[in-house]
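Remember, it's 1-based here, ligands and their atoms both numbered in the order they're listed.
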Amino acid sequence: MKIVDAKVVVTSPGRNFVTLKITTDDGLTGLGDATLNGRELSVVSYLRDHVVPLLIGLDPHRIEDIWQSLYRGAYWRRGPVTMAAIAAVDVALWDIKAKAAELPLYQLLGGASRERVGTYGHASGRDLPELFDSIRQRLAQGYPAVRVQTGVPGLKTVYGVGGSAAAAADAGSVSAHPRPVVEDWDTAAYLRHLPSVFEAVRSEFGAELPLLHDAHHRLTPIEAARLGKDLEPYRLFWLEDCTPAENQEALRLVRRHTTTPLAIGEVFNTVYDYQTLVTEQLIDYVRSAVTHFGGVSPLRKLFDFAAQYQIKSAIHGPEDISPVGMAAAVHLDLAVHNFGIQEYSGHTPLTERVFRHAYTFTDGHLHPGEAPGIGVELDEELAAAHPYDPAYLPVNRLQDGTVHDW
Ligand code: KDG
Ligand code: MG
């Protein structure tokens, strides 16, 4: 079998998605997600200008060899643009291989290790009544676990909370932001407020509901240690991205002070970003997305590495991972032994028409379905009717104007 065509499709059915479609000489096609929220066109160029010409004529079955030649052959390794481009190739090739075998991808990854894939959904509110309503909505949708984000008194807008630009980004409608919206931040106010929110949520919803929280890289190690400690009475499922974890050693300090479980990695793109975190057991969940980590092949290796240290998978799954990236994730979730949880936000009805998929979401659980390959079909005509729409994620500033992590 040979690759005869590879094309990059950019579409914005409410938010931007970048998809690679590879075609073989016997008519098989494979899809891969290359969406990098807010920097989409850089990956489009990387693929169109530098990767597609190299793919034509290759044997699509040689996934590992093609992956290594794109990673090592470029000389310039790692980084989100490179790894999103390689991910799209990797997933499209796995899609083709599984279609050629007439099997759903999870069968090629070792078969199902469980019946279905547990998820968590997002709840947020500017105040407690709004937050409680949002949690109730998620529970009504069947979610077995809920991520809780809250407004902070004194701040106008907070990441992931109803009404803010980042909530809009989470919800998939960033198209109104051709320049980044500026949000505000005050760490001391956040640290004072958050424990009281979890106390209220626990007393309203009981001890058993698994609760998660995303600190979105905003804290210093000692602030993160303090927060983890203050949240211990509320038994979180995890505290996510408590520090900007490029400095892996910083997590030693956090870990020394708290038993709140820690999840990190949605902005990481290779196993090297996790080396200290995993070998020193400084975290409990690895959070990378198939889409940003170079595909199914390296993410499977990361999960096997993490398994040696009793660390579990928790694939990143916000709305900016397309249904193609989500499908690949769900196949991997079903197959790996050390599965932890899958983030799932769903997509708009229009997005679901552009990308028809075999995976299902029922009673808060995902299943990849039994269609051969990853089980996603791209409606190219509908995709073309919704062209690229420039959009940015927000930036975050302290109240004196200093740029802060978001
Ligand atoms: O594009 C940025 C989003 O993917 C990110 O803000 C979502 O933090 C996020 C999460 O945990 O889903
Ligand atoms: Mg996150």
Side-chain angles (χ1 to χ4, degrees), residues 12 14-18 33-43 80-81 83-84 87 119-124 134 138 143 145-150 157-162 164-175 177 180-181 183 185 210-219 224 227 236-246 261-269 273 283-293 313-326 329 340-347 351 366 389-396 404-406:
S12 186
R15 69 152 56 252
N16 294 311
F17 295 113
V18 178
D33 179 25
T35 307
L36 189 60
N37 200 6
R39 295 291 185 274
E40 296 87 357
L41 298 186
S42 56
V43 192
V81 175
M83 299 313 287
T119 68
Y120 71 91
H122 295 182
S124 72
S134 176
R138 294 295 165 248
Y143 278 102
V146 182
R147 186 189 83 170
V148 170
Q149 304 299 124
T150 170
T157 51
V158 174
Y159 154 74
V161 177
S164 74
D170 260 12
S173 60
V174 283
S175 61
H177 306 300
V181 166
E183 301 201 326
W185 185 248
L211 297 174
L212 301 79
H213 178 71
D214 190 348
H216 229 255
H217 326 272
R218 293 187 152 160
L219 306 176
L227 180 63
L236 265 59
F237 185 91
W238 78 39
L239 172 62
E240 176 183 341
D241 286 338
C242 60
T243 65
E246 291 103 314
L262 302 173
I264 281 183
E266 68 184 46
V267 300
F268 290 176
N269 42 65
D273 301 322
I283 57 173
D284 302 280
Y285 296 90
V286 292
R287 289 272 298 133
S288 290
V290 173
T291 305
H292 302 134
F293 202 75
S313 76
I315 298 180
H316 189 215
E319 297 85 348
D320 46 286
I321 299 297
S322 86
V324 174
M326 182 55 61
I341 199 165
Q342 172 65 54
E343 182 182 27
Y344 181 68
S345 302
H347 292 97
T351 302
L366 288 157
D389 191 5
Y392 286 96
L393 287 161
V395 296
N396 197 28
H404 195 65
D405 296 298
W406 90 268

If we number the atoms of ligand 1 from 1 as shown, the ones under 4.0 Å from a heavy atom of Arg287 are 10 (C), 11 (O)
Residue Asp214 vicinity, atoms of ligand 1 by number, heavy atom under 4.0 Å: 8 (O), 9 (C), 10 (C), 11 (O)
Classify the ring geometry between Tyr143 and Tyr344 as parallel (under 30°), tilted (30 to 60°) or perpendicular (over 60°). tilted
Counting backbone and side-chain atoms alike, does Glu266 have an N/O/S atom under 2.8 Å from the Mg ion (ligand 2)? yes
Checking the N or O distance criterion of under 3.5 Å, is ligand 1 in contact with Tyr120? no
Exercise: identify the closest heavy-atom pair between Ser322 and Asp33: N-OD2, 3.1 Å
Distance filter under 4.0 Å to His216 heavy atoms, resulting ligand 1 atoms: 5 (C), 6 (O), 8 (O), 9 (C)
Under 4.0 Å from one or more heavy atoms of Glu240, ligand 1 contributes atoms 11 (O)
Using heavy atoms and a threshold below 4.0 Å, how should the contact between Leu393 and ligand 1 be classified: side chain, backbone, both, or neither? side chain
Exam field: side chain Ser313 to backbone Gly340, donor-acceptor pair closer than 3.5 Å: yes
With the side chain counted from C-beta on, respond yes when His347 and Pro323 share a heavy-atom pair under 4.5 Å apart, and no when they do not. yes
Is the Mg ion (ligand 2) less than 2.8 Å from at least one N/O/S atom of Asp214? yes
Measuring only between side-chain heavy atoms, which start at C-beta, is Arg15 closer than 4.5 Å to Asp320? yes
If you round to the nearest 0.5 Å, how far is CD of Glu266 from NE2 of His217? 5.0 Å
Atom pair CG (Asn37) and CD1 (Ile321), whose distance is rounded to the nearest 0.5 Å: 9.0 Å
Distance-only N or O hit between ligand 1 and Trp406, under 3.5 Å: no
The atom name of the N, O or S atom in Glu240 nearest to the Mg ion (ligand 2) is OE2
Minimum heavy-atom separation for Thr35 to His292, with atom names? O-NE2, 2.8 Å
For Glu266, the ligand 1 atoms whose distance to one of its heavy atoms is below 4.0 Å: 5 (C), 7 (C), 8 (O), 9 (C), 10 (C), 11 (O)
